[in-house]
Student: 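Quick one: the structure is below, and I'll ask about it shortly.
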Amino acid sequence: MRVVLIFDADDTLWENNVIFERVIDEFTEWLAGPGLDRAAVRAVLDGIEAANAVTLGYGSRVFLRSLGECVERVRGRAATAAERSRIAGWEAAFAGDHVELMPGVAETLAELAGRHELLLLTKGDQAEQQRKVTASGLPGHFRGVHIVPEKDVATYEELTRAYGLVPERTWMIGNSPKSDILPARSAGLNAVFIPHVHTWVLEHEEVDPDDAKVLRLAEFGELVRHF
């Protein structure tokens with residue numbers, strides 16, 4: 001039976017958060033000092049990122065702003081010109097027109113597109129996410145590409161209405177419990193959870209292990225055995 005498969009993008013189709021984690025490793029090493037170890041710096045940064053996500057959204061620009069705020073919080077003063085320059089230097093980590101696809105993504109999407117209807121749903125900065133979508137070379141597999149500021153229950157309900165989806169025959173596929181799995185299930189959709197070792201800490205939440213409508217897979221390529 002033909003179904004609708006909705007795909008997350010970052011850390012499901014291509015690597016993303018590992019880039020942020022590399023910068024955070026360098027940042028915490030730089031900022032840590034007597035009385036404040038790297039874990040403590042990371043805890044401060046996580047709190048700032050969580051607050052900024054609510055008011056400013058997601059993406060590298062918000063992340064770099066959060067780094068600056070973390071410096072000021074930890075130092076107890078405004079960032080110096082040298083500190084701002086150091087933070088600006090990390091912008092290069094997010095530049096460029098290249099994304100690293102997860103193993104098996106290109107061939108798996110090509111096969112699934114021949115059997116089912118595919119949609120792409122990603123959140124974040126519009127221009128930044130569009131750049132990654134274009135660079136991936138994958139848009140041709142999807143009936144629609146949707147870039148939204150947040151992925152919550154209302155987002156999935158609106159997508160269901162817009163496409164006239166049948167929830168029982170629709171699956172949300174992603175790595176984030178907070179953005180992909182739990183809100184999709186609350187909207188009545190099925191879900192496929194493909195964990196990623198570098199999923200952003202703020203996207204972590206518990207997924208009910210007894211929920212029969214959540215399929216858990218270890219690798220993206222396993223999808224072809226189920227759909």
Student: According to side-chain hydrogen bond (donor to acceptor under 3.5 Å, both in side chains), who are the partners of Asn190, at least two apart in sequence or on a separate chain?
Tutor: none

Student: Could you go through residues 137-145 and list every donor-acceptor pair under 3.5 Å that involves a side-chain atom there, pairing it with any protein atom two or more places apart or in another chain?
Tutor:
unit_1: Arg143; atom_1: NH1; unit_2: Glu117; atom_2: OE1; d: 3.2
unit_1: Arg143; atom_1: NH1; unit_2: Glu117; atom_2: OE2; d: 2.7

Student: Side-chain heavy atoms under 4.5 Å apart, restricted to Ile/Leu/Val/Met/Phe/Trp/Tyr: what other residues fall into the cluster of Leu56, or is it alone?
Tutor: Val62

Student: Could you list who else is in Val54's hydrophobic cluster, with ILVMFWY side chains joined at under 4.5 Å, directly or through other members?
Tutor: none

Student: Does either side chain, that of Asp11 or that of Thr199, offer a donor lying less than 3.5 Å from an acceptor on the other one?
Tutor: no

Student: Which donor-acceptor pairs under 3.5 Å do side chains of residues 149-159 form with protein atoms, sequence neighbours excluded?
Tutor:
unit_1: Glu150; atom_1: OE1; unit_2: Tyr58; atom_2: OH; d: 2.6
unit_1: Glu150; atom_1: OE2; unit_2: Tyr58; atom_2: OH; d: 3.3
unit_1: Glu150; atom_1: OE2; unit_2: Lys123; atom_2: NZ; d: 3.2
unit_1: Lys151; atom_1: NZ; unit_2: Asp8; atom_2: OD1; d: 2.9
unit_1: Lys151; atom_1: NZ; unit_2: Leu121; atom_2: O; d: 3.3
unit_1: Lys151; atom_1: NZ; unit_2: Asp180; atom_2: OD1; d: 2.6
unit_1: Asp152; atom_1: OD1; unit_2: Ala154; atom_2: N; d: 3.3
unit_1: Asp152; atom_1: OD1; unit_2: Thr155; atom_2: N; d: 3.0
unit_1: Asp152; atom_1: OD1; unit_2: Thr155; atom_2: OG1; d: 2.9
unit_1: Thr155; atom_1: OG1; unit_2: Glu150; atom_2: O; d: 2.9
unit_1: Thr155; atom_1: OG1; unit_2: Asp152; atom_2: N; d: 3.3
unit_1: Tyr156; atom_1: OH; unit_2: Ser179; atom_2: O; d: 2.6
unit_1: Glu158; atom_1: OE1; unit_2: Arg161; atom_2: NH2; d: 3.0

Student: With sequence neighbours left out, write down each residue that passes side-chain hydrogen bond (donor to acceptor under 3.5 Å, both in side chains) with Trp14, or none if nothing qualifies.
Tutor: Asp10

Student: Applying side-chain contact (heavy atoms from CB on, under 4.5 Å), name anything that partners Arg38, two or more places apart in sequence or on another chain.
Tutor: Asp25, Thr28, Glu29, Ala32

Student: side-chain contact (heavy atoms from CB on, under 4.5 Å) with Asp211: which residues, sequence neighbours excluded?
Tutor: Arg185, Asp208, Lys213, Val214

Student: According to side-chain contact (heavy atoms from CB on, under 4.5 Å), who are the partners of Leu202, at least two apart in sequence or on a separate chain?
Tutor: Glu49, Ala50, Trp200

Student: Under the ring pair (Phe, Tyr, Trp, His ring centres under 6.0 Å) test, which residues partner His198, sequence neighbours left out?
Tutor: His196

Student: Report all side-chain donor-acceptor pairs from residues 87-112 shorter than 3.5 Å, counting only partners two or more places apart or in another chain.
Tutor:
unit_1: Trp90; atom_1: NE1; unit_2: Glu26; atom_2: OE1; d: 2.7
unit_1: Thr108; atom_1: OG1; unit_2: Gly104; atom_2: O; d: 2.6
unit_1: Glu111; atom_1: OE2; unit_2: Arg115; atom_2: NH1; d: 3.0

Student: Would you mind listing every ring-ring contact (aromatic ring centres under 6.0 Å, His included) that reaches into residues 163-184, with sequence neighbours excluded?
Tutor: His146-Tyr163, Trp171-Phe227

